[in-house]
2 protein chains.
Amino acid sequence: MSQDGSGVDLETSVGYLLKEASSALRLAMEEVLRPFGMTVTHYACLELLAQRPGSSNSELARGAFVTRQSMNVLLQALEQDGYVTRAKEAPVGKALPTRLTSRGRRSLEMASAAVRSVEMRMMAGLTETERSNVAGILRSMVRSLRQSDDTP
Amino acid sequence: MSQDGSGVDLETSVGYLLKEASSALRLAMEEVLRPFGMTVTHYACLELLAQRPGSSNSELARGAFVTRQSMNVLLQALEQDGYVTRAKEAPVGKALPTRLTSRGRRSLEMASAAVRSVEMRMMAGLTETERSNVAGILRSMVRSLRQSDDTP
DNA sequence: TGTTGTATGTCAGAAGACTGACATGAGCAG
DNA sequence: CTGCTCATGTCAGTCTTCTGACATACAACA
């Protein structure tokens, strides 16, 4: 409708659509997490800790797709507010294992239900075949994008 | 592998995979745009203006998935650097039509080629059927997510 | 006419994330 | 053992984006 060969047609560009989808997802998640006073990264951190207890700051940062500096700031706040506990000494290296407190677990439980409802809504408009393909497609794109990304 | 019913399994969660994919795309785009001294939002703004000349600040903001306040800051910088021109008076309402300068067009041309190469790489790992399905899937997810999002 | 609602541009302050930098600890080659 | 590399934690400063707020402009309507 708007392209003649050069340039990127935003209407059909998968990159643009991907950005749009992630933006919509982010908005929807922020909306359901707001009642809990929780940001998306905040929630991601707790969810990661629930599935991988004892993760280090750097591991959590990678899992939440932020820098370890950003995750560090968040972890300090979460510890101060009693959602997580961090080992005072590193059992090995410098990595300090982090774990959820019972308060963190309770908080996560509610948030997780809210987030699940968003994901359900997101998948609701897809056909059965689409639903079974989407994960593989996204994983393939990630793999391709990282091809010559971390090999400079 | 890690879930028993409650919680969100990050390994298979489409929401998480979507976030991961958009993060990878963002990183890859930042990498190819850095040589041009251009951020992703910066590029998105120019690309939007190329396809929809005369767009207003608010229209550009919606197209780039940021707030109009953020886009306003960017536009002021772009105008000062000579990439765009903004009408001094609104022909109708308050919206100030914005257009690319020749410098902006030249700058976009190079950036656009770089971004296209990233998108090509992203699609490279997909099968023919996946390639023809991905746009529809993303659009469906966006539509579902916005269902009761802007109807509070 | 004037009132109400919606959309826009813009300023100011706050929050979140990033880059840069430094020190520490582990692993490995020599 | 020593030097090198890599990963980690953390502090500091900066940047980008967001939220909040206000004024303006048009449209719809009583």
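The basis for the numbers below is simple: all heavy atoms, side chains too, and nothing from hydrogens, waters or symmetry mates. Quick note on labels: first sequence line is chain A, next is B, and so on, each numbered from 1.
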Quick check: on DNA chain D, is the nucleotide nearest A/Glu30 upstream (toward 5') of the one nearest A/Asn72, or the reverse? Name the residue that is more 5'.
A/Asn72
Would you mind telling me which residue lines up with the more 5' stretch of DNA chain D, A/Arg68 or A/Arg26, judged by nearest nucleotide?
A/Arg68
Assign A/Leu96 to base, sugar-phosphate, or nothing according to its heavy-atom contacts below 4.0 angstrom with the strands shown.
sugar-phosphate
Specify the separation, in whole Å, of atom CG of A/Leu74 and atom C1' of C/dA17.
11 Å
Distance-only donor-acceptor test (3.5 Å): side chain A/Gln69, base C/dG20
yes
Looking only at side-chain atoms of B/Lys94, point me to the closest of D/dA23, D/dG20, C/dT19.
D/dA23
Determine yes or no for a side-chain-to-main-chain donor-acceptor pair under 3.5 angstrom, with B/Glu30 supplying the side chain and B/Val40 the backbone.
no
Any base atoms under 4.0 Å from B/Gln76, or only sugar-phosphate, or nothing? Heavy atoms, all strands.
sugar-phosphate
Look at all strands and tell whether A/Ser58 reaches a base, only sugar-phosphate, or nothing, counting heavy atoms closer than 4.0 Å.
sugar-phosphate
Is it true that B/Thr127 and B/Thr129 share a donor-acceptor pair across their side chains at a distance under 3.5 Å?
yes
For C/dC18, does OP1 or OP2 lie under 4.0 Å from any side-chain N or O of B/Arg34?
no
Looking at every strand, decide which applies to B/Thr39 at a 4.0 Å heavy-atom threshold: base, sugar-phosphate, or nothing.
nothing
For A/Ser70 and C/dG16, is the shortest distance between a side-chain N/O and OP1 or OP2 below 4.0 Å?
no
Under a plain distance cut-off of 3.5 Å, with no hydrogens placed, do A/Glu130 and B/Ser140 share a side-chain donor-acceptor pair?
no
Nearest whole angstrom, please: distance from the P of D/dT19 to the CD of A/Glu31.
12 Å
When clusters are formed by joining ILVMFWY residues with side-chain heavy atoms under 4.5 Å apart, either directly or through shared neighbours, do B/Leu25 and B/Tyr43 land in the same one?
yes
